[in-house]
> 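My questions all concern the structure below.
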There are 2 protein chains.
Amino acid sequence: MSTGNFKHDLFSQFARVAKALSNGHRLELLEFLAQGERSVDALAQVSGLTVANTSQHLQQLRQTGLVINRKAGHKVYYRLSGMDVSALLGSLREVAERHLADVDRLVYDYLKVKDSLEPVPAAQLLERVRDGLVTVLDVRPPEEYAAGHLPGAINIPLAELEKQLDALDPSQEVVAYCRGPHCVLAFDAVSKLRERGVKARRLDGGLPEWRLEGFPVESSST
Amino acid sequence: MSTGNFKHDLFSQFARVAKALSNGHRLELLEFLAQGERSVDALAQVSGLTVANTSQHLQQLRQTGLVINRKAGHKVYYRLSGMDVSALLGSLREVAERHLADVDRLVYDYLKVKDSLEPVPAAQLLERVRDGLVTVLDVRPPEEYAAGHLPGAINIPLAELEKQLDALDPSQEVVAYCRGPHCVLAFDAVSKLRERGVKARRLDGGLPEWRLEGFPVESSST
DNA sequence: CAATTATTCAAGGGATCTATTGAATTAATG
DNA sequence: CATTAATTCAATAGATCCCTTGAATAATTG
């Protein structure tokens, strides 16, 4: 009977994919890649890993089909192989948050205390942008903003926020977002804005989650 | 700055969950558990693993919150901790099938050749059952059927199928299902039925996927 | 063509994972 | 209360994973 072998082989393949996700550094790399395409050394910089180490992790991700790369000049650019990878990461995040007490506590301690308000659902934000009611604020680094952002969003990286407060219309509510549901940038931005008396909330999820819902994404790259 | 530590800790936790999924045997155990609650030795039997080994794998799954257990008599029964775990497994499956050439080939060689017809979507099956147009056939072992099955489905394990052909109304189309999208039982059942001249198709997905769509599940256990 | 930049390759030690074995718990049974 | 059944625990060897280091490969630049 080859059916036993088939099942075994199939599950082994699924396990390969899970194994690629079974390392914190690789998950972090994937979150960066979910913002857009990036070169190896750019990823090494933002993740704080050695270049060689980054390269090896990326190759593992590539061998399991989670990312693909292209060579341009003497740089190699990696990106997610599809939005289904973002969906998988979202599933993983959700299960971890729901069933691991450690995660729940971490999230509560570091994030929830900073923002007791409910985040704005993506669909609702879209409506309110159409009606001109809110300013959408992207607090990620400019490279990530350039690679893709919410339509009409303005980009003020967190570090610049205090200096550029006047770029915001004080009569409008601000909705801030960054890389994903657990990215601290948007939490910090919202809390800073509120201290300055600006009405601010967080988007529910970051750019990858917005994309996954099928909403339009603007790109500055020409 | 504690934000770096927070991110690191968080991704490490996500990685723990992925690590629990990074072994073929554990994935197989999870697929069995997605059918319903089962004891350790029942799982050891169907998976072909040692009892001690099965127990250790189950404990790893438990430590990452993917399964929970309850003690009854001197048996311990494990089950999935939630349907989000089924959803995560589905995501993993989908990504693997879409991006790993090996999986695509495996599935094609072992399954697609057996059933060139498109499977029936769950929603469509529900309609046709209401109209009394189809016989729903559950080809899993009786324990799994007892733990939960599609409303009105009859249970004929694959091995019994030839003997019990007369239990099927020959004028009706049969829709067969089993444990999931890659479970061979339903594929084999459909092909056997067609050889006997019975009009047969497969359900798209198994019981866990049916549940995930929010459709009703019947249970024989009293 | 030599020098530089970005990435990959190769080898190593230390840690972690897996399956096996046999003993230890725990709860039911006679 | 001794016995049995189901599960877990503990210890072990072999495999795999992770990071570091230093060299090798390509593509670009002067």
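Each chain gets a letter, A, B and so on, in the order the sequences are listed, and its residues count up from 1. FYI, side chains are in, hydrogens and waters are out, and symmetry mates aren't considered; it's all heavy atoms of this structure.
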> Under 4.0 Å between any heavy atoms, over every strand shown, what does B:Thr54 touch: base, sugar-phosphate, or nothing? Just pick one.
nothing

> For nucleotides 20-30 of chain D, just jot down a letter per nucleotide in 5' to 3' order: B, S or -, based on protein non-hydrogen atoms under 4.0 Å.
BB-----BS--

> Does any donor atom in the side chain of A:Tyr77 or A:Asn69 lie under 3.5 Å from an acceptor atom in the other side chain?
no

> Is the count of non-hydrogen atoms from other residues, nucleotides or ligands lying under 6.0 Å from B:Gln45 atom CD greater than 12?
no

> Test A:Arg179 against every option in A:Glu144, A:Glu209, A:Glu31 by the side chain to side chain donor-acceptor pair (under 3.5 Å) rule and name the one that passes.
A:Glu144

> Testing B:His99, B:His25, B:His182 one by one against A:Phe14 for a ring-ring contact (aromatic ring centres under 6.0 Å, His included), which residue passes?
B:His182

> Name the residue closer to the 5' end of DNA chain C, choosing between B:His25 and A:Tyr78 according to the nucleotide with the nearest heavy atom.
A:Tyr78

> Could you go through the side-chain hydrogen bond (donor to acceptor under 3.5 Å, both in side chains) check for A:Arg16 and A:Gln13 one step at a time?
CA-CA 5 Å; A:Arg16 280 181 61 203; A:Gln13 294 297 323; 2.9 Å; yes

> Any carboxylate oxygen within less than 4.0 angstrom of a Lys/Arg side-chain nitrogen, looking at B:Arg38 and B:Glu143?
yes

> Heavy atoms only, 4.0 Å cut-off, all strands: where does B:Arg62 land among base, sugar-phosphate and nothing?
nothing

> Which nucleotide sits closest to the side chain of B:Val40: C:dT7, D:dC18, D:dT8?
D:dT8

> Would you indicate what B:Ser39 reaches in the nucleic acid, counting non-hydrogen atoms under 4.0 angstrom: base, sugar-phosphate, or nothing?
sugar-phosphate

> Quick one: which of D:dC17, D:dT7, C:dT8 gets closest to the side chain of A:Lys19?
D:dC17

